Every structure is written in C-alpha cells, then in structure tokens.
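It should be emphasised that the depicted structure is a prediction, and the values quoted were computed from it without experimental measurement.
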Amino acid sequence: MVVFICAEDAAKENATITLNSPATAHTAVLPLVVTTPEPWHPFVAQIPAKEKAKEGETVALNCQFHSPWDPSLSKLTVKWYKVDEKGQRDLLENNVTVLTNYSRAFIHGNLSQGDASLTILNVTASDHGIYFCQVTLSSGKVVMGSGTKLRIRRALGLFGIEESIGTIIGVVAAGIGGLVVLIIVLTPRLRKCLLCIKQAPHQA
C-alpha cells in the first residue's frame with residue numbers, strides 16, 4: 001500500500017504514519033504545488049481624458065497599448081470610434097477609414113511599439129464627442145480604453161472671441177431668458193406711461 005503525504009503537511013506536523021497492516025507500507029511525499037497569482041492583463045491607456053481644439057486645428061488623441069507579452073499591435077485589430085448625441089460611429093479599423101469620404105482622421109502612432117494614437121486634421125464643430133480606442137487580441141478578447149472627450153472651440157467672427165460651443169449656447173440662452181424677464185417686468189410700466197400720455201391732453 002502506498003500513502004501520499006503533501007510535503008507542506010509533513011513539514012508542519014512532522015508526523016510519522018504507522019499502519020496496522022500486515023502489508024508493507026510505503027510512504028511517498030508529493031512535491032509542494034505553489035499557486036502563482038494571475039498574470040498581468042493587457043490594457044489600453046488613453047491619457048489625458050479630455051482634449052480641446054479650435055476649429056481648423058489638428059488634434060492628436062493618445063492611445064497606448066500595454067501587454068506583458070508583446071506591446072506590438074501590428075498583428076492585432078485596432079479600432080477607433082466616437083460617441084456623441086447622435087450615437088456611436090466607427091472611424092477607423094486597422095488604420096482604414098470606415099466612414100465614407102472621411103480622410104481627415106488617421107493613426108499616426110507606431111503600432112509595432114503599441115502606439116495607436118489618432119490624428120484628426122482640420123477639426124470642425126461636428127468632431128466633438130468621446131473617442132474610444134479599442135484593441136482586439138488574437139484570442140478574440142477586446143481591450144478598450146476609457147475614452148477621450150474632445151471639445152471644439154469656435155471663433156466668433158465679430159470680435160474674434162474663442163469659446164466652446166456649449167458656452168456659446170449657454171450665453172445665448174441666458175440672454176434670451178433675460179430679455180423675456182425684462183419684457184415681462186417692463187410691460188405694466190409701459191402701459192401706465194401710455195395711459196398717462198393719453199390722459200394728459202384731456203386734463204389740459
């Protein structure tokens with residue numbers, strides 16, 4: 001009969017096993033099995049989380065792929081897509097433009113070194129949104145960055161003031177609201193003034 005004892009247990013307890021058996025007992029010590037922690041997972045970093053540019057400028061959105069094995073993206077699928085109020089739109093896949101007649105965006109990073117950064121030329125107001133960098137591994141697993149929010153600043157032609165689109169909309173809305181309140185407040189006073197003007201000739 002063969003008895004198997006874990007090496008760790010034998011070292012801790014220092015026990016001697018005696019079998020009341022007419023058969024000859026053989027003791028075999030199994031090697032200690034050590035469980036290692038899970039290996040480091042690949043990930044995509046998009047830093048900084050926010051970018052802003054003025055209309056007509058060129059903007060670069062960072063995307064770095066990190067892997068414990070090989071940071072190269074040459075044999076992996078790289079995809080960029082944008083999310084805005086209209087929903088999700090795919091821009092690039094393996095440096096090939098997905099959108100028709102859209103050649104202003106391209107990957108300028110070195111894929112062999114894990115750099116899949118995106119460049120957008122001559123940005124317009126329609127380019128605002130959140131941009132995501134996505135890498136599909138050879139196993140089919142998808143690794144995605146946390147996204148980069150792009151804000152577009154617009155130059156007002158009258159005074160050359162540069163402001164973000166959201167700020168412009170807010171200022172216009174506030175101005176209209178203030179004008180409405182002013183009209184509501186002044187209307188009763190204007191009526192009184194008109195009545196006074198009409199009554200003045202009669203009194204005279």
Flag the pair [X] / [Y] as yes when at least one side-chain heavy-atom distance between them is below 4.5 Å, and no otherwise.
X: T58; Y: T119; value: yes
X: L137; Y: V143; value: yes
X: V98; Y: Y81; value: no
X: V44; Y: M144; value: no

Shortest non-hydrogen separation from [X] to [Y] and the atoms involved:
X: L76; Y: T136; result: CB-O, 3.7 Å
X: V123; Y: A53; result: CG2-CB, 4.2 Å
X: S146; Y: F132; result: O-CE2, 3.6 Å
X: A116; Y: V78; result: CB-CG1, 3.7 Å
X: A60; Y: H108; result: CB-CE1, 3.9 Å

Main-chain N/O of C63 paired with S117 side-chain donor or acceptor, under 3.5 Å: yes
Is it the case that the side chain of E51 and the backbone of T148 share a donor-acceptor pair, with hydrogens and angles ignored and the cut-off at 3.5 Å? no
Using 0.5 Å steps for rounding, measure from the [atom1] atom of [X] to the [atom2] atom of [Y].
X: W80; Y: T97; atom1: CH2; atom2: OG1; result: 14.0 Å
X: K52; Y: I152; atom1: NZ; atom2: CD1; result: 11.5 Å
X: N110; Y: S72; atom1: CG; atom2: OG; result: 8.5 Å
X: K54; Y: R154; atom1: NZ; atom2: CZ; result: 13.5 Å
X: E55; Y: H128; atom1: CD; atom2: NE2; result: 11.5 Å

Rest of the hydrophobic cluster containing I47 (Ile/Leu/Val/Met/Phe/Trp/Tyr, side-chain heavy atoms under 4.5 Å)?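 Traced through the cluster, I47 reaches no other member.
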Linking directly or through intermediates, with side-chain heavy atoms under 4.5 Å: list the remaining ILVMFWY members grouped with L121, chain and number order. F106
Can you list everything that forms a ring-ring contact (aromatic ring centres under 6.0 Å, His included) with H66? Sequence neighbours excluded, please.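 If we apply the ring-ring contact (aromatic ring centres under 6.0 Å, His included) test to H66, skipping adjacent residues, the hits are F43.
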Provide the full list of salt bridge (charged side-chain N to carboxylate O under 4.0 Å, His left out) pairs with a residue in residues 128-139, sequence neighbours left out, each pair given once.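 The answer is none; no pair qualifies.
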Only pairs at least two apart or in different chains count here, so list each salt bridge (charged side-chain N to carboxylate O under 4.0 Å, His left out) that has a residue in residues 87-105. K79-D90, R104-D127
Tell me which one of V83, L61, V59, D84 satisfies side-chain contact (heavy atoms from CB on, under 4.5 Å) with Y131. L61
For the hydrophobic clusters of this structure (ILVMFWY residues joined by side-chain heavy atoms under 4.5 Å, transitively), does one cluster hold both L91 and L73?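 Looking at the clustering, L73 is in the same group as L91.
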Looking at residues at least two apart in the chain, or sitting in another chain, which of them share a salt bridge (charged side-chain N to carboxylate O under 4.0 Å, His left out) with D115? none
